[in-house]
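Structure, as structure tokens:
Both ligands and their constituent atoms are indexed starting at 1 by order of listing. Computed from a predicted structure; not experimentally measured. The first residue of the sequence shown is numbered 1, and numbering continues consecutively from there.
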Amino acid sequence: MRAIAFAGCASRYSICFPSTTSRACMYSRTLRLIHKPVICSYSPRLCYNSLPEDGAAVAKNKHKLGVLVSGRGTNLQAIMDACASGRIDAEVAVVISDIADAYGLQRARKAGIEAACIPWQKGRRKAWETEAVRVLKKAGCELVCLAGFMRVVGKTLMNAFPDRILNIHPALLPSFPGLHAQEQAWEWGVKVSGCTVHFVTPDLDMGPIIVQKAVRVEEDDTADTLADRILVEEHKAYAEAIDLVLSGRTVIEGRKVRILGESGLKTS
Ligand code: GRF
């Protein structure tokens, strides 16, 4: 059983305050440099203490991720695996889907992770996002990862997690944004495609790029075989990008992301 309590804590990047009026931890892992002024983005981080059965409080310092899925969730699985193996210092705190029977929700449940379906209703984006933000904040999420989430992100979610929402796209952006990117690339006849992990901004698939991985297009490829090989790279790229963001090595400068130091991603 895990009891959850707010508590004062200090970590490498965060300072938390015990009072009920200042529960949020302030930290500035992602800096956004927009031309002249330097503006630091602050996001709330809730500190959870877990209480084992003997009642002794054990500090939990893992970063908490929220993952949004609409489908099979292989990227979600890759993120959960990277967390479990310690390749990224995080845990998936909650998985949310707009589709009740998305297999991604089942993956979460199998792993003992909270899985929430918020059914999508046409024309009710704001209400959907308001509920999603509530669930994400309640779970203490500090970073939101879109992993095959088939909805455009609106202001409500974006404002709740400024510079803290990532997306993965199965092409080398800015080429082939939107749906069926692998098929678009294959039909265009490109010789190299790949995947991109980027910060989410109001422009669809156009946010600052964190990680890209290239995949050669072979002569005998079909759109499907190309998609399969891109997917393998997606799974590596997402863990790498999450690690970079959580460890404070991403600096957004205009539309570029500067990476500080080496990736440092631990290999298994
Ligand atoms: C991936 O190709 C991802 O790049 C795109 O949607 C697909 C989701 O696949 N955004 P999965 O659900 O993670 O297996």
Over 12 non-hydrogen atoms of neighbours within 6.0 angstrom of CZ in Arg255: yes

Derivation of the salt bridge (Lys or Arg N to Asp or Glu O under 4.0 Å) call for Arg134 and Glu131: CA-CA 5 Å; Arg134 192 191 65 75; Glu131 178 60 8; 2.8 Å; yes

Geometric N/O contact Asn167 with ligand 1, under 3.5 angstrom: no

Atoms of ligand 1, numbered as shown, that sit under 4.0 Å from any heavy atom of Pro170: 2 (O), 4 (O), 5 (C)

Residue selection (non-hydrogen contact nearest atom 4 (O) of ligand 1) among Gln182, Glu234, Arg107: Glu234

Protein contact of atom 12 (O) of ligand 1 - nearest heavy atom, named by residue and atom, plus distance: Gly73 N, 2.9 Å

contact_flag Val69 ligand 1 heavy-atom lt 4.0 Å: no

Option of least heavy-atom distance to atom 6 (O) of ligand 1 (set: Ala237, Ala227, Gly148): Gly148

Arg151 to Trp128, cation-pi by 6.0 Å centre distance and 45° axis angle: no

Protein contact to atom 10 (N) of ligand 1 [nearest heavy atom, distance to 0.1 Å]: Ile168 O, 3.0 Å

Numbered atoms and elements of ligand 1 in range of Arg72, under 4.0 angstrom, heavy atoms: 9 (O), 11 (P), 12 (O), 14 (O)

Side chain proximity check, Pro177 to Met206, heavy atoms < 4.5 angstrom: yes

Test item: Val92 and Val95 side chains (from C-beta on) under 4.5 Å apart, heavy atoms: yes

From CD1 (Ile242) to CG (Leu166), nearest 0.5 Å: 6.5 Å

